[in-house]
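Have a look at the structure below before the remarks.
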Amino acid sequence: NIILMGPPGAGKGTQAAKLVEKYGLKQISTGDLFRKAIKEETKFGVIAKYFISFGYLVPDDFTIQMIQEYLEENINTEEFKNGFILDGFPRTIIQARKLADICSMFNFKIDAVINLDIPEDVLVKRLSGRRTCADCGKSYHIVYNPPKKEGVCDACGGELILRDDDKPETVEQRLRVYHEQTQPLIDYYTKEGILKEVDGTIDLEDVFAEITKI
Ligand code: AP5
Ligand code: MG
Ligand code: ZN
């Protein structure tokens, strides 16, 4: 079981998709879960919509409740038998502490935290060129990782759209929130002895090769 960590646009979703394919791991993206909840207008969706559209984190108690309910329902299914990738969770120290409790509750362990290290100017370019599948959430990039057919998801045929929170003003706010609330987790997991740094600026196949080594 691994955690993929890194700022908005670092490539967490891109690498998670490749890990799913190669190792049969299950991806758990809190961002994808929130976007699904927003689409389905569930209780979590109604709350999350507001925070996400302004580039803030969804409050810890809701996020923790959502992931806990998700794990209770899914952890014993076939899809989880090879392990999982947490993509975008935890994002605060409180969430990290809670994850440790959840681990003992469900009797699993986090083996490694992979931090995708990448400077801000690169992130902005990535997010402005990103296109996301409206149906399955897969990420593409108009220059760095284009789909086979423009505007159409390779994986499911869904429509590729610009994510609501990829507008420049919102991206700036997401980066601020990352520095304030999520970056401290690098220290937290370094102290736990399970942090692995990976250069996130190189070609996505090379990033994947580095992760594969770990
Ligand atoms: P979330 O959906 O997790 O967004 P994020 O963390 O901002 O990260 P992104 O999905 O934007 O980036 P990514 O790292 O997955 O990059 P990608 O692979 O797409 O969360 C959204 C919101 O939900 C949050 O802002 C918050 O409000 C809420 N939320 C979620 N989790 C929460 C939590 N735990 N607590 C509270 N709130 C929470 O790649 C980006 C682009 O770059 C793509 O176009 C891709 O094709 C391209 N690319 C990727 N790798 C490379 C490469 N090596 N070279 C060139 N291009 C590349
Ligand atoms: Mg993502
Ligand atoms: Zn799709």
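Start at 1 and go down the list; that is how both ligands and their atoms are numbered. Every value quoted in this text rests on a predicted model; they were computed, and no experiment measured them. Throughout, residue positions are numbered sequentially from 1 according to the sequence presented.
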Distance-only N or O hit between ligand 1 and Y140, under 3.5 Å: yes
What are the atoms of ligand 1, with element, lying closer than 4.0 Å to any heavy atom of A10? 14 (O), 16 (O)
For R174 against P8, the heavy-atom pair lying closest together: NH2-CB, 3.6 Å
So, for T77 and N74, which heavy atoms are closest and what is the spacing to 0.1 Å? OG1-O, 2.6 Å
Report the part of D203 (side chain from C-beta onward, or backbone N, CA, C, O) that has a heavy atom under 4.0 Å from ligand 1; answer both or neither where that applies. backbone
Nearest protein heavy atom to atom 18 (O) of ligand 1, by residue and atom, and its distance? T14 OG1, 2.6 Å
When distances are taken from atom 31 (N) of ligand 1, the protein heavy atom at minimum range is T30 OG1, 2.7 Å
Looking at N145, which atoms of ligand 1 are within less than 4.0 Å of one of its heavy atoms? 46 (O)
Among the heavy atoms of G6, does any lie under 4.0 Å from an atom of ligand 1? no
Between E120 and H179, which heavy-atom pair has the shortest distance, and what is it? OE1-NE2, 2.6 Å
Answer yes when D165 and K167 have at least one side-chain N-carboxylate O distance shorter than 4.0 Å, and no when they do not. no
Nearest atoms (heavy-atom pairs only) where A96 meets L185: CB-CD2, 3.7 Å
Rounded to the nearest 0.5 Å, the CD atom of Q27 sits from the CZ atom of F84 at a distance of 12.5 Å
Per-atom contacts, ligand 1 versus Y144 - under 4.0 Å to a heavy atom: 55 (C), 56 (N)
Intermediate values then yes/no, side-chain contact (heavy atoms from CB on, under 4.5 Å), V207 and K18: CA-CA 11 Å; V207 176; K18 295 174 80 63; over 6 Å; no
Whether E210 and K213 form a salt bridge (side-chain N of Lys/Arg under 4.0 Å from carboxylate O of Asp/Glu) is what I want to check. yes
Pick one of side chain, backbone, both or neither for how L57 approaches ligand 1, counting any non-hydrogen atom pair under 4.0 Å. both
Touching ligand 1 at all, G9? Heavy atoms, strictly under 4.0 Å? yes
Do any heavy atoms of R35 fall under 4.0 Å from ligand 1? yes
Closest by any non-hydrogen atom to atom 4 (O) of ligand 1: pick that one out of K12, Q181, R163. R163
Nearest protein heavy-atom contact for atom 5 (P) of ligand 1: which residue, which atom, what distance? R91 NH2, 3.2 Å
Which heavy atom of the protein is the closest neighbour of atom 38 (C) of ligand 1, given with residue, atom name and distance? F34 CE1, 3.7 Å
What do you reckon, does I202 have a nitrogen or oxygen under 3.5 Å from a nitrogen or oxygen of ligand 1? yes
Which segment of T92 sits under 4.0 Å of ligand 1 when only heavy atoms are counted: neither
State, with a plain yes or no, whether a side-chain heavy atom of S128 is found less than 4.5 Å away from one of D166. no
Sub-3.5 Å N/O-N/O distance, F89 and ligand 1: no
Kindly work out whether a path of hydrophobic side-chain contacts (I/L/V/M/F/W/Y, heavy atoms less than 4.5 Å apart) joins V122 to L116. no
Tell me the contacting part of I52 for ligand 1: side chain, backbone, both, or neither, using a 4.0 Å heavy-atom threshold, strictly below. both
Of all the heavy atoms in V177, does at least one lie under 4.0 Å from an atom in ligand 1? no
Test L86 against I28 for side-chain contact (heavy atoms from CB on, under 4.5 Å), laying out the working first. CA-CA 5 Å; L86 282 168; I28 311 168; 3.9 Å; yes
Please give me the minimum heavy-atom distance between L4 and A16, naming the atom from each residue. CD1-N, 3.8 Å
Of all heavy-atom pairs linking I110 and C103, the shortest is CG1-SG, 4.0 Å
Kindly confirm or rule out an N or O of G129 lying under 3.5 angstrom from an N or O of ligand 1. no
Are any of the N/O atoms on S139, whether in the backbone or the side chain, positioned under 3.5 angstrom from an N/O atom of ligand 1? yes
Hey, what's the ring geometry for F106 with F108, parallel, tilted or perpendicular (30° and 60° as the breaks)? parallel
Checking a contact table here: which protein heavy atom is nearest atom 48 (N) of ligand 1, and how many Å away? R126 CD, 3.9 Å
Verify the distance criterion only: is there a donor paired with an acceptor across the side chains of Q65 and E69 at less than 3.5 Å? yes
Do Y23 and V198 share a hydrophobic cluster, counting only Ile, Leu, Val, Met, Phe, Trp and Tyr and linking them when any side-chain heavy atoms are less than 4.5 Å apart? yes
Nearest non-hydrogen protein atom, atom 16 (O) of ligand 1: G11 N, 3.2 Å
With side-chain contact (heavy atoms from CB on, under 4.5 Å) as the test, would you mind laying out the steps for I93 and Y188 before giving the verdict? CA-CA 8 Å; I93 297 283; Y188 179 93; 4.0 Å; yes
Here the gap from Y178 atom OH to L57 atom CG, rounded to the nearest 0.5 Å, amounts to 12.0 Å
Polar proximity ligand 1 side, R174 side, N/O cut 3.5 Å exclusive: yes
Please list every donor-acceptor pair under 3.5 Å in which a side-chain atom of residues 36-46 meets a protein atom from a residue at least two apart or in another chain.
residue, atom, partner, partner atom, Å
K39, NZ, A134, O, 2.6
T42, OG1, G45, N, 3.3

What do the steps show when you test R131 against L162 for side-chain contact (heavy atoms from CB on, under 4.5 Å), and what is the final call? CA-CA 5 Å; R131 296 294 179 272; L162 190 67; 3.3 Å; yes
Inside 2.8 Å of the Zn ion (ligand 3) but strictly below it, how many protein N/O/S atoms are present? 4
Among all protein non-hydrogen atoms, which one is nearest to atom 37 (N) of ligand 1, and what is the separation to 0.1 Å? V58 N, 3.0 Å
Would you please say whether a donor-acceptor pair under 3.5 Å links the side chains of T92 and D60? yes
Where ligand 1 meets G13 - atom numbers and elements under 4.0 angstrom, heavy-atom basis: 13 (P), 15 (O), 18 (O)
In the protein, which heavy atom is nearest to atom 35 (N) of ligand 1, and how far is it? Q95 NE2, 2.9 Å
Examine D32 against ligand 1 and note whether any of their N/O atoms are separated by less than 3.5 Å. no
Per-atom contacts, ligand 1 versus G31 - under 4.0 Å to a heavy atom: 1 (P), 2 (O), 20 (O), 30 (C), 31 (N)
Who gets closest to atom 26 (C) of ligand 1 by heavy atom: F208, F51, Y56? Y56
